[in-house]
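Remarks on the structure that follows.
In listed order, ligands and their atoms are each counted from 1.
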Amino acid sequence: MTELDGGILIEPHEKPSRAETILGRVKQEQLGEVLPPRDFGLAPVLRVHTRDYVDFLKTSWADWTAEGKPGEAIPAVWPGRGMRHRVPKDIDGRLGYYSFAAETSITEGTWDAACASANVALTAQALVANGEAAAFALCRPPGHHAHADLFGGYCFFNNAALSAQAFRDQGARRVAILDVDFHHGNGTQAIFYQRDDVMTISLHGDPDLVFPHFLGFEDETGDGAGEGFNLNIVYPPGTPFSIWREGLETACARIEAYQPDALVIALGVDTFEDDPISFFKLTSADYLLMGERIGKLNLPTLFTMEGGYDVDAIGVNVVNVLKGFERTR
Ligand SMILES: NCCCNCCCCCS
Ligand SMILES: [Mg+2]
Ligand SMILES: [Zn+2]
């Protein structure tokens, strides 16, 4: 795997040791039972992602290697302003049509990994739908940047969106998604932007200054039936938890007023003070308080793992959110 960053190909920030470190900490802290994912197939994925996008992802690596390309499949050309938004036949054109960023490579294992990550989320979602108070889906790759037919930001299938849709399909009337990852959950917002049955809220770094750059501003409040059911809370570089928690309070007030039947937390911990690609200043102890506040919403809660790139601290930080949550139960 590689990541195009600063004009060179680096070892990806989104690396396997992230998941291994979190799992190790979950086991060390005896947080709860660790279960393997069940296979839900593509039906729940197709409730959120388009058929042509899923078909593209499935064959993208084979199509890329069939043209004898030496490296990983990295998009390099996009339908810019004034160009045609139609799907070309050529793999280079399709990579650009179905993505919004170039730091995310597709490799031989991407399809299987994206499917497995979706199955992890859906397995945890089923547990909560069937009565568990909460579950943590250790998803890798993450999902909150993926749109219905766009990959990017290390994301291919939007695990949080799939889970919210699964709650809806299983009878939940309203679902709230709260994205606490450092970055805007642009894919999650876009997927539900015209809908009032899934409320989407994200706290994140100012998109004027940081990825995803082109969505996530505070004037984006939803469209049509979805007007008023999207909330973006934007903060500048250096934001500490004492400020960030005010946004969390605002988000929780909106969620309480919405009275959802289920809550999905897009849990990224790249808000951490030492995260290599972010600029907030949360400490490991702050994640206990974050989890506690989320727990006080007293809702059936599914956590889907999103970002967090300080690998040494990621296990403590993720488990601290879950431990803080558990304190309220
Ligand atoms: N120089 C780093 C650029 C990173 N761009 C993508 C960030 C995706 C975060 C996923 S949570
Ligand atoms: Mg966010
Ligand atoms: Zn992030």
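A centroid separation of less than 6.0 Å is found between the aromatic rings of His147 and Phe100. Ring centroids of Phe279 and Phe182 are separated by less than 6.0 Å, placing the two rings close together. Between Phe156 and His49, the distance separating the two ring centers is not shorter than 6.0 angstrom.
Aromatic ring orientation, Tyr98 versus Tyr53: tilted (interplanar angle from 30° to 60°). Ring planes of Phe303 and Phe325: perpendicular class, angle over 60° (limits at 30 and 60°).
As for Asp270, its N/O/S atom nearest the Zn ion (ligand 3) is the one called OD2. When the N, O or S atoms of Asp181 are ranked by distance to the Mg ion (ligand 2), O comes first. Residue-level check: among N/O/S atoms of His183, O sits closest to the Mg ion (ligand 2). In terms of distance to the Zn ion (ligand 3), the nearest N, O or S atom of Asp181 is named OD1. Here the N, O or S atom of Asp179 that is nearest to the Mg ion (ligand 2) is OD1.
Atoms of ligand 1 lying under 4.0 Å from at least one heavy atom of Gly307, given by number and element, are 11 (S). Close contacts between ligand 1 and Asp270 involve ligand atoms 11 (S) [criterion: under 4.0 Å to a heavy atom]. Residue-ligand proximity, His144 to ligand 1, at heavy-atom distances under 4.0 Å covers atoms 11 (S). Applying the 4.0 Å criterion to heavy atoms of Asp181 picks out, from ligand 1, the atoms 11 (S). Of all atoms in ligand 1, numbered sequentially from 1 with element shown, those under 4.0 Å from a heavy atom of His145 are 9 (C), 10 (C), 11 (S).
Among the candidates Asp179, Asn230, Thr188, the single residue satisfying the side chain to side chain donor-acceptor pair (under 3.5 Å) test with Thr200 is Asn230. When each of His184, His204, His145 is tested with Phe211 by the rule ring-ring contact (aromatic ring centres under 6.0 Å, His included), just one qualifies, namely His145.
When distances to the Mg ion (ligand 2) are checked against a cut-off of 2.8 Å, His144 contributes no N, O or S atom below that limit. Inclusion of His183 in the first shell of the Zn ion (ligand 3) is supported: an N, O or S atom falls under 2.8 Å. Using a cut-off of 2.8 Å, one finds that Glu306 contributes no N/O/S atom close to the Mg ion (ligand 2). Taking backbone and side-chain atoms together, Glu306 has no N/O/S atom less than 2.8 Å away from the Zn ion (ligand 3). For a distance bound of 2.8 Å, the N, O or S atoms of Leu203 include one lying that close to the Mg ion (ligand 2).
In this structure, the protein non-hydrogen atom closest to atom 8 (C) of ligand 1 is Tyr154 CE1, 3.6 Å. Protein heavy atom closest to atom 2 (C) of ligand 1, with residue, atom name and distance, is Asp5 OD1, 3.4 Å. Nearest non-hydrogen protein atom to atom 6 (C) of ligand 1 is Glu103 OE1, 3.5 Å. For atom 10 (C) of ligand 1, the closest non-hydrogen atom on the protein side is Tyr309 OH, 3.1 Å.
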Can you list the steps and then say if Glu227 with Gln194 is a side-chain hydrogen bond (donor to acceptor under 3.5 Å, both in side chains)?
-> CA-CA 7 Å; Glu227 172 58 45; Gln194 281 84 23; over 6 Å; no
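For the pair Asp196 and Arg174, the salt-bridge criterion is not met [side-chain N within less than 4.0 Å of a carboxylate O]. Note on Glu249 versus Arg293: salt bridge recorded, some NZ/NE/NH1/NH2 to OD/OE distance being below 4.0 Å. Salt bridge absent: Arg245 and Asp286 never bring a charged side-chain N and a carboxylate O closer than 4.0 Å.
At a 4.0 Å heavy-atom cut-off, ligand 1 does not touch His13 at all.
Transitive grouping of hydrophobic side chains (ILVMFWY, heavy atoms separated by less than 4.5 Å) keeps Leu302 and Val318 in distinct clusters.
Using a 4.0 angstrom heavy-atom cutoff, Phe182 does not count as in contact with ligand 1. Between Glu306 and ligand 1 there is no heavy-atom distance shorter than 4.0 Å.
With hydrogens and angles left out, the side-chain atoms of His144 and Asn158 include no donor and acceptor closer than 3.5 Å.
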